[in-house]
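Have a look at this one.
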Amino acid sequence: MLLIFTFPIFLLMPFNDIAVKDVPDITGTYLLRGVQETAAGFRFAPDSTFEFFFSYGAVDRFASGTYSQKNGSVIVKGDKIPGRDFAITKSSKQGKE
């Protein structure tokens, strides 16, 4: 019986307001805290672009690209090509392999 009364009320709600409320505004800077010798962060801009950095010891990583939101998740698409974001400056081979 309760379902009969709540269903028509749901149909009267404007759907565009529901969609806006379900997607939180994530713009801003998010930093990792509390992990020794590690620094990391994301910056999400209002124009759907992002910047990322990660530093642990001698390893430093940087990325940027675009982001979108879907079903409560943030989907990032970086501008780097997987496997091609490091430059090999020296290569050597030892042994008979």
For residues 26-36, which residue pairs pass the salt bridge (Lys or Arg N to Asp or Glu O under 4.0 Å) check, not counting sequence neighbours?
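Every pair satisfying salt bridge (Lys or Arg N to Asp or Glu O under 4.0 Å) with a residue in residues 26-36: there are none.
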
Who clusters with Leu31? Use side-chain heavy atoms, under 4.5 angstrom, across I, L, V, M, F, W and Y, and order the result by chain and number.
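Members besides Leu31, by chain and number: Phe53, Phe62.
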
Quick one: ring-ring contact (aromatic ring centres under 6.0 Å, His included) pairs with a partner in residues 30-52, sequence neighbours left out?
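For residues 30-52: Tyr30-Phe44, Phe42-Phe44, Phe42-Phe52, Phe44-Tyr67.
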
Partner set under side chain to side chain donor-acceptor pair (under 3.5 Å) for Ser48, not counting sequence neighbours:
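Ser48: no side chain to side chain donor-acceptor pair (under 3.5 Å) contacts found.
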
Applying side-chain contact (heavy atoms from CB on, under 4.5 Å), can you list everything that pairs with Ser73, at least two apart in sequence or on another chain?
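Ser73: no side-chain contact (heavy atoms from CB on, under 4.5 Å) contacts found.
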
Kindly write out the residues that satisfy side chain to side chain donor-acceptor pair (under 3.5 Å) with Thr29, not counting sequence neighbours, or none if the list is empty.
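For Thr29, the residues satisfying side chain to side chain donor-acceptor pair (under 3.5 Å) (neighbours in sequence not counted) are Arg43.
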
With a cutoff of under 4.5 Å between side-chain heavy atoms, which Ile, Leu, Val, Met, Phe, Trp and Tyr residues group with Leu32?
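Leu32 shares its hydrophobic cluster with Val35.
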
Close side-chain approach of Pro24 to Gln69, heavy-atom, < 4.5 Å
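Heavy-atom side-chain distance check passes, below 4.5 Å.
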
Taking only residues two or more places apart in sequence or in another chain, which ones pass side-chain contact (heavy atoms from CB on, under 4.5 Å) with Asp47?
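side-chain contact (heavy atoms from CB on, under 4.5 Å) list for Asp47, sorted by chain: Ala45, Thr49.
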
What pairs with Ser64 under side-chain contact (heavy atoms from CB on, under 4.5 Å), at least two apart in sequence or on another chain?
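Checked Ser64 against side-chain contact (heavy atoms from CB on, under 4.5 Å); matches are Glu51, Asp79.
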
